[in-house]
Participant: 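Sharing a structure here in structure tokens format.
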Amino acid sequence: MAVRLNEDQEIVKKIQEGLKRKDGYCPCKLPMIPENKCMCQEFREQIADSDFEGYCHCRLYYKSKD
């Protein structure tokens, strides 16, 4: 299993700017609650699943099976 940043640097830049504005909370999710602090609980649960491969909700991170 490997988790990496999205290869599209424009997406990474925009999401990182949003994270700065929201004090580290996912810019794609409205509630500023602990579950939405980057790396969000939703993606942590997804990467714990050995069958999951794909992007987190905001597309900042990608988890591959290799």
Side-chain angles (χ1 to χ4, degrees):
M1 171 193 85
V3 176
R4 62 173 169 74
L5 285 175
N6 190 325
E7 293 177 0
D8 185 327
Q9 292 302 306
E10 282 300 310
I11 290 174
V12 170
K13 181 181 173 186
K14 287 180 182 183
I15 297 302
Q16 287 177 334
E17 289 170 357
L19 286 167
K20 286 179 189 174
R21 282 193 308 274
K22 288 189 71 178
D23 196 29
Y25 291 91
C26 181
C28 302
K29 297 181 179 195
L30 292 178
M32 292 176 67
I33 56 175
E35 294 87 345
N36 292 342
K37 192 85 164 177
C38 189
M39 174 179 296
C40 70
Q41 180 176 340
E42 176 185 6
F43 192 57
R44 288 191 311 262
E45 290 172 0
Q46 288 174 321
I47 62 176
D49 178 355
S50 61
D51 290 328
F52 175 80
E53 181 169 11
Y55 289 99
C56 66
H57 181 79
C58 67
R59 302 185 64 78
L60 178 62
Y61 294 106
Y62 182 83
K63 183 230 175 186
S64 61
K65 289 184 183 180
D66 348 324

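Along the sequence shown, residues carry numbers from 1.
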Participant: Indicate the atoms forming the closest heavy-atom contact of Phe52 with Lys63, along with that distance.
Facilitator: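 Closest approach of Phe52 to Lys63: O-NZ, 2.7 Å.
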Participant: From Cys26 SG over to His57 NE2, what is the distance, rounded to the nearest 0.5 angstrom?
Facilitator: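 One finds 6.0 Å between SG of Cys26 and NE2 of His57.
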Participant: Between Tyr55 and Met39, is there shared hydrophobic-cluster membership here, with clusters defined by ILVMFWY side-chain heavy atoms closer than 4.5 Å?
Facilitator: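 No, because Tyr55 and Met39 fall into different hydrophobic clusters, even though each may have its own neighbours under 4.5 Å.
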Participant: If every non-hydrogen atom of Ile11 is compared with every non-hydrogen atom of Cys58, which pair is closest and at what distance?
Facilitator: CG2-O, 4.4 Å
Participant: State plainly whether one hydrophobic cluster holds both Tyr62 and Val12, where clusters connect Ile, Leu, Val, Met, Phe, Trp and Tyr through side-chain heavy atoms under 4.5 angstrom apart.
Facilitator: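 No, separate clusters.
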Participant: For the CD atom of Gln16 and the NZ atom of Lys20, what is their distance to the nearest 0.5 Å?
Facilitator: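 Atom-to-atom, Gln16:CD and Lys20:NZ are 7.0 Å apart.
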Participant: Which heavy atom of Phe43 sits nearest to which heavy atom of Tyr61, and what is that distance?
Facilitator: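 Closest pair (atom of Phe43, atom of Tyr61, distance): CE2-CB, 3.5 Å.
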Participant: Using every non-hydrogen atom in the two residues, find where Leu60 and Cys38 come nearest and quote the distance to one decimal.
Facilitator: CD2-SG, 4.1 Å
Participant: Judged by atom type as modelled, is there a donor-acceptor pair below 3.5 Å linking the side chain of Lys22 to the main-chain atoms of Lys37?
Facilitator: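 Answer holds: no.
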Participant: For atom NZ of Lys65, is the number of surrounding heavy atoms from other residues, nucleotides or ligands below 6.0 Å larger than 12?
Facilitator: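 Buried by this count: over 12 neighbours within 6.0 Å.
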Participant: Does Ile47 belong to the same Ile/Leu/Val/Met/Phe/Trp/Tyr cluster as Ile15, with side-chain heavy atoms less than 4.5 Å apart forming each link?
Facilitator: yes
Participant: Give the minimum heavy-atom separation between Asn6 and Asp8, together with the two atoms involved.
Facilitator: OD1-N, 2.8 Å
Participant: Output the distance between atom CZ (Arg59) and atom NZ (Lys14), rounded to the nearest 0.5 Å.
Facilitator: 13.0 Å
Participant: Does this structure show an ion pair linking Lys29 with Glu35, if we count only N-O contacts that are shorter than 4.0 Å?
Facilitator: no
